[in-house]
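Worksheet: one structure, shown below.
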Amino acid sequence: MPVTKGSSAKVVDAGSPHSVLGDAGIDDCDPAKLTQPIKEVKDKYQLLPAFLRVRGLVRQHIDSFNYFINHEMKKIIHAKGNERVTCDTDPNFYLKYLNIYVGKPSIEEEYIVTDISPQQCRLRDMTYSAPISVDVEYTRGKEIVMKRGKNGQGALFLGRMPLMLRSDRCVLKGKSEAELAKLGECPLDPGGYFVVKGTEKVILIQEQLSKNRIIIDTDSHGGIVASVTSSTHERKSKTNIVTKHGRLLLRHNAFTEDINILAVLRAMGVESDQEFVQLVGSEPAFGSLLAPTLQHCREESTGVFTQAQALEFLAARVKSSRPPGGFQRRGRSRVDEARDILSGVVLCHVPVPRYNFQAKVVYLAVMVRRMLCAMLDPGFVDDRDYYGNKRLELAGGLLALLFEDLFKKLNADLKHHTDATLSKANRATQYDIAKCLGTHTITAGLENAISSGNWTIKRFRMERKGVTQARVLSRLSFISAVGMMTRITSQFEKTRKVSGPRALQPSQWGMLCPADTPEGESCGLVKNLALMTHHDAVHIAADGGRVCRPLIICDAGVPRVTGAHLARLKAGEWSFNDFLTAGLVEYLDVNEENNALVALYECFCNPATTHLEIEPFTVLGVVAGLIPYPHHNQSPRNTYQCAMGKQAMGNIAFNQLQRIDTLMYLLQYPQRPLLTTKTIELVGFDRLGAGQNAIVAVMSYSGYDIEDAIVMNKASLDRGFGRCVVMRKYATTLKKYGNRTQDRITRPAEAAAPAGASTTTTTRPGGRFSVLDADGIAGAGRVLTQGECLVHKQSGYRAAPVMWKGFPGERCAVDRVMVTSNDDSACVVKVLVRHTRRPELGDKFSSRHGQKGVVGCIVPEADLPFSERGVVPDLIMNPHGFPSRMTVGKMIELLGSKAGAVSGRLHYGTAFGEGSGLADRVDALSAELVAAGFSYSGKDLLHSGITGEALEAYVFMGPVYYQKLKHMVMDKMHARARGPRVVLTRQPTEGRSRDGGLRLGEMERDCLIGYGASALLLERLMISSDQFEVHVCTHCGLLGYWDAAARRARCPGTGRADAMATMKLPYAAKLLFQEMQAMNIVPRLVLAEA
Amino acid sequence: MVAPKAPQFYSPQVKLRSLTEDYCEFVLSNVNASIANALRRVILAEVPTIAIELVEIESNTTVLNDEYIAHRLGLVPFVSSRVHDMKTIYEATEDDDWTDVEFTLNVRCTRDETMNVTSDDLLPADTRFPDVMPVGYDERGSLTRKHKSVLLVKLRKNQELKLRAVARKGIGKDHAKWIPAATVSYQFLPEITINHDLMDTLTDEQKQAFCAADPRKTFRFNQISKAVEIVDPELYMYDGEVLAKAAEMGKPGLIDICQRQDTFIFRVEGTGALTPDDMVLTALDVLSGKLQTFGAELDREGAELADLTHGML
């Protein structure tokens, strides 16, 4: 689409929608177009960095947490059931919460409160949290005591709240890069996660079906069902209206059976049929649909005509939660109970003030009406997967649920304690409830929930255990960390084979990234937010958790944002919020988008257009945003890259060398890509790269490049290509025990002994002590050999050393040692072990287009092809990788990188960016290549390095950004001949870490059976595994025992030794026989001469 | 060994075109591609230079870890003019064979601003070999520091790097740090013949378009004579653009381009370790050494075979 720049007249392309819409459209808008300020379409993109500056990438998490801390906590303590703690024994007693505060992040160590930074917590295995305190008013004896704190702190300490990084209460909030560096924090780190017991935890965004929303659906029989999941602070319940034999019935957990909807309405006060029909709607078509319901209500079995009858009818069908004959509250009949259920449980989100059912009646009628509509026209059936029907639950909301639950528990404990104390007649001291406030409940409750991910909320019947998974923030690469923050998990079961929830919904456009989802079982269930998605927390007349995105508002097809506005933005006078307040840009949610006509570019605008897209590449998420020219690739390739980009090594964060993570992969010479995208710049990937620009020749070479293998230049590897560092943490804590003993680290005795004695054996349980310093901890910079002891710890008199678990061939060194104490004032020792690796055969590499491959061959530079300029490829890729994968983007990347390398300018390959100038076009790139004396096609004439002759064909060669993935041969290769066995079965152990055997599985076994290789089978499955010789009594068929004194085998029953045979069987079989005998089953062996 | 009757290839010629400190270009003719390639391969793989091979780190409080610094030190090019007097450790047989040159590096940053540790900070530990030094070496303390030294690591205040490094002789086959050349490459001399008869059938615009088709501008349209001229056949990159253009214009035989199989434009670019002429001459030495060994082996084998057949008779 041609874009006019700076001219006052607008060129309308023949293919533009104007011509499609017809002449009328053009005539109408022409006058408007003339007055319209024309600006460069390129500028519109400026809104995006502005948006990210205001909102940030993980703003949804932080906003939601801030809302929880600043508003929701106050609401919770002032809620009806929470505000007062009373006492059953003393009617005058009360405790009232006045206000709640969350303070600064701090820690109390030996009664001294000090401020803490997140980095301290990470290193010292502490929780980054702030004290929660409250102001209270309560009775002490006869007087009323008011306790108020000052300086933004409450009077009483209630517990500790784990803080989200970069939230309002966090020390990192609003800090500059230099200040962040002082705190040991990476400025590019997005925040939005918690540090709990030293590990970084993210509360992933949860996707749910909308609450408090009528959803019309069809059941398995094709009947129409209306369902509402009601949710209030107090209660959650699900209400369905189903159709059975044409009747509309209410189905709810509180009732034992489905109840005629008319009966329910009668119970709510709708006594006449006419009123019912008028509520639903008196369209003639509805008449016949409602008839069976009306009929059924009159039938003898039902016979409900009045409100009283209806209530009786319902009362008979209330599911009793109490055991029969149990305690029942006095003065409360079953009818009252039924009425209470109707008002408080069924559709509990619709308020029923003083049993005035008016609102609930209307709500039910709407449900019925929508069902009837759907019966007449199936088009009215809602789509459950439609994104407008989805709500996202974030950290703040989840924490609010948990906090309220813990708060209730705290109050209940307090009440219990008060009841017990005040019921005693004479007390020595006056009861002061302020001194009885337990802090453990909330502190431990929050901490455990976040670190384990088990959200158990007792207040709702349904246990939400394991629904929320707070996961360890993945720190494999910067991108994996950022990607994790935008991840959304769905509550659908992964194992179920449903396609609906997994499918890409058109309504997800602009909200969720279409490319970034895992492969395999959770495909389509785990999603990622798009770049500009924003999460609505509060909105008038709308619920929270709706996904929204910003769009430019258009008046009759003319965008409100003009060049003048953007100039102000550029000058820094305006921020994104100014655009919002000025009404130039607004947020639209999925439902509202249905009523909007959004134009992609200005040239597509027509009078009907209501909104203009800010930039089309924002439909993609952060991880997919790294791919150059993704719109030229086959879409699954982009999805593959989204998975692999998270495994790429590079720089993790600016503070990577200060971090002590369990496992860290760092690249020694990471580069920024020569072909970049706008997303890369916005996210900061250009400052924390995860890959290198390799000169790639697309050609066949040596045959070691089949099946996506790549051929590498040895000289490039010598010079540092793909060189990486693997850091592994070994940690231990010195515990204190009840009997006043504690773990200790001692200098090993052997260290003092002659050097020759201590270094020879490796089998000694204490290991080798050659790297230990005088303090019993390994010294930084020391090189490790197998079986080396890192920390010489003793627990009591028992040696409990921290051993290095390296494999032979790994030449590791101690990188750093840290000795500190955590909040239990226990000593923590962390040793970081470093291993530098250069790429070897079998290491995995990938470009940014889902094209992974392992190193198949490493070739000396002299043997590789060279161009007449002397360029030798770093890496050779087989051209067969292209036809079936259709990754045209990779070819354009090569072209663009090559043009960039020769012209000294970075080129862009932003998604869908050609239209707005955010991606360079192929012809422009080719022109640049030609100007630099290269072929426009990116191909070069190469000479064979082996024969010296020119190659017959021109070879497509240029730089492509390659990522080294974390899967390396060194971590995987494994083989064994003989080795350790499992004690129980005497079979070889399993797994590389236990030096296990390689399993001959069922399928392999089947092959051997099919082939008839019985001797091989016997050898593999018994002789080389767990062969065992047993003595069997030929009479009774039971396993005998060895009489050592008589030196002969005996029958277990008779003790006779004359009929004993020996045979070989797998030890596991012998074990099975014995286990069966233990369960009173007699396995008898019937032997025959072989 | 009697050489067979030499065909024309066996009288190679070298015409030197340019020679500077680190660049050399010559035309090698009367040889075939295998000889030219052998020369290229030997320069890359087997011309010895000096590079740091062993690093003993005493103290390292810099941001880069020990292996990182060792790797960087290894890649620093060293002036290797005296490499021929040295022996590699596996060649050395005598006690007084010269194999090692020791260097020390001892730097500590005491000031507030960032300090650069460069290859200039590598100081020779023994004064016997003053001409073995990092390329672009500049005496410490000289006020006019050339910026040709190689940056190793940057230091903050109170960071320290103290190490001992041993430089040794080696070849590029073992590790790329011993490769003396930045690039070695050659080009087949293109032979371009213009079919002037056919060319004259083109209009001037077509001729200009034809000239423009080549990205390297090998052809020029002479405004006066209205003819297509060859600027310099060497510019041509064998990209086939002009041939495609000719075919597109419907004149396939417009020009004929072929590679001269016996003439090569050789370009050698050095890292500073060896001068290009030294590189080429050493390469020839290595090559002839190989041939001599090969010849000697052949003779020995021949003699053995003769003995064997003799004994059988």
Side-chain angles (χ1 to χ4, degrees), chain A residues 656-658 666 668-669 713-721 723 725 727 780-783 811-813 815-816 834-838 860-864 866-872 926-927 929-937 939-951 953-954, chain B residues 31-46 57-61 63-68 70-72 74-75 172-179 181-188 212-218 234-241 259 261 264-265 267-269:
Chain A
Q656 60 182 16
L657 297 180
Q658 264 73 256
L666 305 174
Q668 277 206 342
Y669 296 96
N713 181 346
K714 178 176 170 289
S716 306
L717 304 187
D718 286 345
R719 293 182 183 119
F721 179 78
R723 201 166 275 246
V725 188
M727 305 258 217
R782 305 297 290 268
V783 176
R811 213 183 105 93
C812 293
D815 192 65
R816 252 166 304 146
R834 146 170 54 89
H835 187 215
T836 307
R837 298 173 180 179
R838 58 179 275 163
E861 193 180 20
D863 288 348
L864 284 167
F866 61 97
S867 78
E868 64 188 54
R869 292 168 190 251
V871 179
V872 183
S926 290
L929 282 177
V930 168
F934 283 92
S935 161
Y936 74 94
S937 61
K939 293 180 184 175
D940 287 311
L941 176 80
L942 295 191
H943 305 269
S944 162
I946 300 167
T947 67
E949 272 153 19
L951 298 179
Y954 298 110
Chain B
V31 294
N32 62 19
S34 64
I35 306 285
N37 193 38
L39 183 61
R40 184 191 71 91
R41 288 172 60 88
V42 168
I43 292 176
L44 277 179
E46 284 176 86
I57 290 176
E58 194 181 321
S59 164
N60 173 17
T61 51
V63 286
L64 303 185
N65 60 49
D66 300 355
E67 298 95 284
Y68 207 130
H71 177 237
R72 290 185 71 83
L75 291 176
K173 205 192 263 182
D174 290 339
H175 195 280
K177 65 187 172 186
W178 280 303
I179 297 179
T183 56
V184 203
S185 185
Y186 58 78
Q187 176 187 359
F188 288 89
D214 187 56
R216 299 285 291 252
K217 307 280 172 279
T218 318
E234 275 173 41
L235 284 176
Y236 187 65
M237 284 259 291
Y238 299 102
D239 48 21
E241 290 305 320
Q259 298 179 345
Q261 293 296 322
F264 304 90
I265 304 144
R267 297 189 182 91
V268 182
E269 220 177 290

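Every heavy atom of this structure was used, including side-chain atoms; hydrogens, water molecules and symmetry mates were not. So you know, we letter chains A, B, ... as the sequences are listed, proteins then strands, and number each from 1. What you are looking at is a predicted structure, and each value in this text was computed from that prediction instead of being measured.
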- Query: chain B heavy atoms under 4.5 Å from Val871(A): which part of the residue, side chain, backbone, both or neither?
  - Reply: neither
- Determine whether more than 12 heavy atoms belonging to other residues, nucleotides or ligands lie under 6.0 Å from atom CZ of Arg811(A). no
- Tell me, side chain or backbone of Ile265(B) under 4.5 Å from chain A's heavy atoms, or both, or neither? neither
- Note on the structure: Turns out that what part of Ala950(A) lies under 4.5 Å from chain B's heavy atoms comes down to both
- Query: Among Leu44(B), Thr183(B), Asn65(B), which has the most heavy-atom pairs under 4.5 Å with chain A?
  - Reply: Asn65(B)
- Which one, Gln187(B), Arg267(B), Lys173(B), His71(B), leads in non-hydrogen pairs under 4.5 Å with chain A? His71(B)
- Message: Could you report the tightest heavy-atom contact between Arg838(A) and Leu717(A), atom names first, then the distance?
- Response: NH2-CB, 3.5 Å
- Message: Please classify the contact of Ser867(A) with chain B as side chain, backbone, both or neither, using a heavy-atom distance under 4.5 Å.
- Response: backbone
- Interchain contact, Lys939(A) with chain B, by part (heavy-atom threshold 4.5 Å): neither
- Under 4.5 Å to a heavy atom of chain B? For Ser716(A) that would be neither
- Message: Looking only at the aromatic ring of each residue, does the gap between the centers of Phe188(B) and Tyr236(B) stay below 6.0 angstrom?
- Response: no
- Where on Glu269(B) is there a heavy atom nearer than 4.5 Å to chain A: the side chain, the backbone, both, or neither? neither
- Task: Mark yes or no for whether Arg834(A), through its side chain, and Asp815(A), through its backbone, hold a donor-acceptor pair below 3.5 Å.
- Result: no
- Note on the structure: Rounding to 0.5 Å, atoms CG (Leu657(A)) and CG (Leu666(A)) come to a distance of 7.0 Å
- Task: Pick one of side chain, backbone, both or neither for Arg723(A), based on which atoms fall under 4.5 Å of a heavy atom in chain B.
- Result: side chain
- Could Arg719(A) and Tyr669(A) be counted as a cation-pi pair, given that NZ or CZ must be under 6.0 Å from the ring centre and within 45° of the axis? no
- Checking heavy atoms, do the side chain of Thr836(A), its backbone, both or neither come under 4.5 Å from chain B? both
- Ranking Val725(A), Leu929(A), Val872(A), Leu941(A) by heavy-atom pairs under 4.5 Å to chain B gives rank one to Leu941(A)
- Message: Please check if the number of heavy atoms outside Lys217(B) that lie under 6.0 Å from its NZ is greater than 12.
- Response: yes
- Task: Check the angle between the aromatic planes of Phe866(A) and Tyr186(B) and answer parallel, tilted or perpendicular using the 30° and 60° thresholds.
- Result: perpendicular
